[in-house]
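Scroll down for the structure; my scribbles are underneath it.
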Amino acid sequence: MISNAVRYSFLGLLSTLQCAAAPEPGIPNFRAVEIDTKVQIGYGLAIADVDGDKKPDILLADKNLIVWYQNPSWQKHVIAEKLTARDHVCIAAADADGDGKAEVAVGAEWNPGDTRNSGAVFYLIPPADRTQKWEPVKLPHEPTVHRMRWAKDWMGRVTLVVAPLHGRGNDPGKGEGAGVKIQRYIRPDNPRDPWEVTTIDESLHKTHNFDPVQWDDDEAMEFLIGGKEGLFLSNWSREDNALKLTQLGSDAGGGAGEVRAGRLARPNDFLATVEPMHGNQLVLYRPSPAGQANSLWARRVLDETIVDGHALACGDLLGIGRDQIVVGWRAMNRPGVKVGIKMFSPLDAEGKEWKQTLIDDNTMACEDLTLADLNGDNRLDIVAAGRATKNLKIYFNEAPK
């Protein structure tokens, strides 16, 4: 017979060994699953509950198709095809009316060299069976429609915000002339009726991407905008009774292509960018020192080895209480150059030290990526679409909780 003292001693030893063998939190571990190998370009990704089953689905704006992949089987459903003669280029999906199912808008007629006649914006009306084709409703647009997001405004409405690449009539190579018209579309009760369209800003040139953020304590979403002139925040000014741009980063790196906000000690206390547009640098921005409210944020290059960086996201994938940065690059028209995805993890609450982890080594020519908890395990997964690699992959997050 084993005494209680021996039994407890053995159980304590076993517990110690188990704890020693268990992986520590904060160690990246991703399981890649390829769910589509017939992607043509993979211009834009969105995550939303399309069918109302309370599971996040994946939506993709591809060259000639608008599709969604149904969670958890990832069955592919085509909801629109060849909306314009030229490529589809972007997509936005969110539950805008509160019915538990996503509203979807897309941008198309992509031709960055034509700053007068290119571009298109469509709202897609779903049928009762959302796996079938949706009805496209064409909306007013500016040329070179490039990025779009659903975002809440100051009246609590979920509105569609669309940003072109260039200003109307400009020389695409110079990025000068008319400002880019970033516009807000307000959906009527009947989406086939005319939509109200207002201009958020038209002072910048060659705006590549933007990120809706909850920057302050009002209901409306603010916008981080990356472009030729640098990094900007669009926010409502009570003093001016209008939207106002605040510059946060200069054009020292040749302008910002991608931009996302992240958290270290508090929300929005760092920004990440890819510089210049389609560039080689992952850049970190931290707030100006106290008492220097009007100065630009401090700029620091984290990596300058990416090739044709084109995708960016921030989120706490590792459950460490601080956000990581995920960056993807595509090396377009550079045969023989590796493509992939990296993750950068902060090792302290001030963002002074960062650890780099290679997530994908040369199997994902990343055109776009996004983060979402796809399987309900309270861990953010990575979804990425590949241009030259013609694929769509989920990197399921299996890091220790």
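The figures here come from the full heavy-atom set of this structure, side chains too, leaving out hydrogens, waters and symmetry mates. Note that this is a predicted model, so its numbers are computed, not measured.
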Main-chain N/O of Gln40 paired to Lys390 side chain as donor or acceptor, under 3.5 Å: yes
Pair Asp87, Tyr43: side-chain N/O donor-acceptor within cut-off below 3.5 Å: yes
Over 12 foreign heavy atoms within 6.0 Å of NZ, Lys82: yes
Distance-only donor-acceptor check, side chains Asn209 and Glu258, under 3.5 Å: yes
Verdict with reasoning, Arg286 to Glu350, per salt bridge (Lys or Arg N to Asp or Glu O under 4.0 Å): CA-CA 9 Å; Arg286 295 283 281 127; Glu350 297 300 318; 3.5 Å; yes
Within-4.5 Å side-chain heavy-atom neighbours: Val274 and Val327: yes
Output field: ring centroids Tyr123/Trp195 closer than 6.0 Å: yes
Under 3.5 Å donor-acceptor, Asn71 side chain and Lys55 backbone: no
Polar side-chain atom of Trp110 near backbone of Ala108 as donor-acceptor pair, under 3.5 Å: no
Minimal non-hydrogen separation, Ala48 against Ala102, with atom names: CB-CB, 3.6 Å
Lys393 with Asp36: basic N within carboxylate O range, under 4.0 Å: no
Any donor-acceptor N/O pair, Asp348 side chain to Gly351 backbone, under 3.5 Å: yes
Trace of the side-chain contact (heavy atoms from CB on, under 4.5 Å) decision for Cys314 with Val326: CA-CA 6 Å; Cys314 294; Val326 182; over 6 Å; no
Greater than 12 external heavy atoms within 6.0 Å of Arg116's CZ: no
Ring-face cation of Arg149 near Phe210 (centre distance under 6.0 Å, axis angle within 45°): yes
Heavy atoms from other residues, nucleotides or ligands near CZ of Arg379 exceed 12 (cutoff 6.0 Å): yes
Lys342 to Trp329, cation-pi by 6.0 Å centre distance and 45° axis angle: yes
Phe270: which of Trp297, Phe344, Trp354, Tyr285 passes ring-ring contact (aromatic ring centres under 6.0 Å, His included): Trp354
salt_bridge(Arg299, Glu275) N-O dist < 4.0 Å: yes
Any donor-acceptor N/O pair, Asp49 side chain to Lys54 backbone, under 3.5 Å: yes
Any donor-acceptor N or O pair under 3.5 Å, side chains Glu304, Asn280: no
Carboxylate-amine/guanidinium contact Arg192 Glu135, below 4.0 Å: yes
Stepwise salt bridge (Lys or Arg N to Asp or Glu O under 4.0 Å) check, Lys181 with Asp201: CA-CA 6 Å; Lys181 274 194 175 182; Asp201 184 76; over 6 Å; no
Pair Asp153 + Arg157, salt bridge at N-O below 4.0 Å: yes
Check: His88 side chain, Ala61 main-chain N or O, donor-acceptor pair, under 3.5 Å: no
Side-chain donor/acceptor of Thr389 to backbone N/O of Ala365, under 3.5 Å: yes
Residue pair Leu245 / Ile225, side-chain heavy-atom distance below 4.5 Å: yes
Exercise: do Gln324 and Asp316 side chains pair donor with acceptor under 3.5 Å: yes
Criterion side-chain hydrogen bond (donor to acceptor under 3.5 Å, both in side chains) against Lys338, the qualifying member of Asp361, Asn362, Asp360: Asp361
4.5 Å side-chain heavy-atom contact, Tyr185 and His141: yes
Residue pair Pro164 / Thr207: nearest heavy atoms and the distance that separates them: O-OG1, 2.9 Å
Would you be so kind as to tabulate the donor-acceptor pairs closer than 3.5 Å made by side chains of residues 226-233, with sequence neighbours excluded?
| from | atom 1 | to | atom 2 | distance (Å) |
| --- | --- | --- | --- | --- |
| Glu229 | OE1 | His205 | N | 3.1 |
| Glu229 | OE2 | His205 | N | 3.4 |
| Glu229 | OE2 | His205 | ND1 | 2.7 |

Salt bridge (Lys or Arg N to Asp or Glu O under 4.0 Å) evaluation trace for Arg330 with Asp308: CA-CA 6 Å; Arg330 60 185 188 175; Asp308 196 13; 2.8 Å; yes
side-chain contact (heavy atoms from CB on, under 4.5 Å) between Trp68 and Thr131, intermediate numbers included: CA-CA 8 Å; Trp68 69 284; Thr131 67; 3.9 Å; yes
Beyond-backbone contact of Leu271 with Leu248, side-chain heavy atoms, under 4.5 angstrom: yes
Aromatic centroids of His166 and His208 separated by under 6.0 Å: no
Exercise: do Arg184 and Thr159 side chains pair donor with acceptor under 3.5 Å: yes
Side-chain donor-acceptor contact under 3.5 Å, Gln70 with Arg130: no
Flag, side chain of Asn391 to backbone of Glu34, donor-acceptor distance under 3.5 Å: no
